[in-house]
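Because the structure is a prediction, the values reported are computed rather than measured.
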Amino acid sequence: MSAVLAVAIGLLTGILSGFGIGGGSLLLLYLTLFEGAGQYQAGGINLLYFLSCAPAALISHRKNGLIEREAVKCCVPAGVVTSVLSALLAARVDTGLLRRAFGVVLLYIGVKETFLRKK
């Protein structure tokens, strides 16, 4: 039964990722809270998961004209550099601190998205 639940969670978070909702964040929570995966292991699984979900979402968003090309030109190089630097930093930081920081970020985003109106 656990394998069926895991597949269902993967499908659900994949669908949410395609809509840009943050399925990867939900997958991280599921892996760490319910499956007992460590923070680094869950992060690695999430990266593999992202590699399989992102191309489909990118194709769909491009098809619907939702990609701003000028933003891509500056965001992609900046994202590559900061992701490498962040990975190097995360390897040196205590896992407990990473979990708490990730929790704070998720709470902030949740409160912001729930209570602050978009203009």
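- L33 and Y49 fall within a single hydrophobic cluster, where Ile, Leu, Val, Met, Phe, Trp and Tyr side chains are chained together by heavy-atom contacts under 4.5 Å.
- V93 forms part of a hydrophobic cluster together with Y40, L89, L97, L98, judged by ILVMFWY side-chain heavy-atom separations under 4.5 Å.
- Two residues are said to be in side-chain contact when any heavy atoms from C-beta on lie closer than 4.5 Å; L106 and L29 meet this criterion.
- Annotation: the span from L12 atom CG to L26 atom CG amounts to 7.5 Å, rounded to 0.5 Å.
- Counting only distance, with no hydrogens or angles, the side chain of N64 and the backbone of S60 share a donor-acceptor pair below 3.5 Å.
- In this structure, I45 CD1 and L27 CG are separated by 7.5 Å, a value rounded to the nearest 0.5 Å.
- Rounding to the nearest 0.5 Å gives a distance of 10.5 Å between CG of L16 and OG of S25.
- Annotation: the span from R62 atom CZ to R69 atom CZ amounts to 5.0 Å, rounded to 0.5 Å.
- Using a 4.5 Å cut-off between side-chain heavy atoms of Ile, Leu, Val, Met, Phe, Trp and Tyr, with links allowed through other members, V104 and F102 fall into different hydrophobic clusters.
- Residue K112 holds its NZ atom at 14.5 Å from CG of L107, rounded to the nearest 0.5 Å.
- The minimum heavy-atom distance linking L28 with G43 is given by the pair CD2-N, 3.7 Å.
- Note that the CG atom of N46 and the CD atom of Q41 stand 12.5 Å from one another [nearest 0.5 Å].
- Closest approach of G38 to T32, counting heavy atoms only: O-CG2, 4.3 Å.
- Between Y30 and T13, the closest side-chain pair of non-hydrogen atoms is not below 4.5 Å.
- I67 has its side chain within reach of L58: a pair of non-hydrogen atoms, C-beta onward, lies under 4.5 Å apart.
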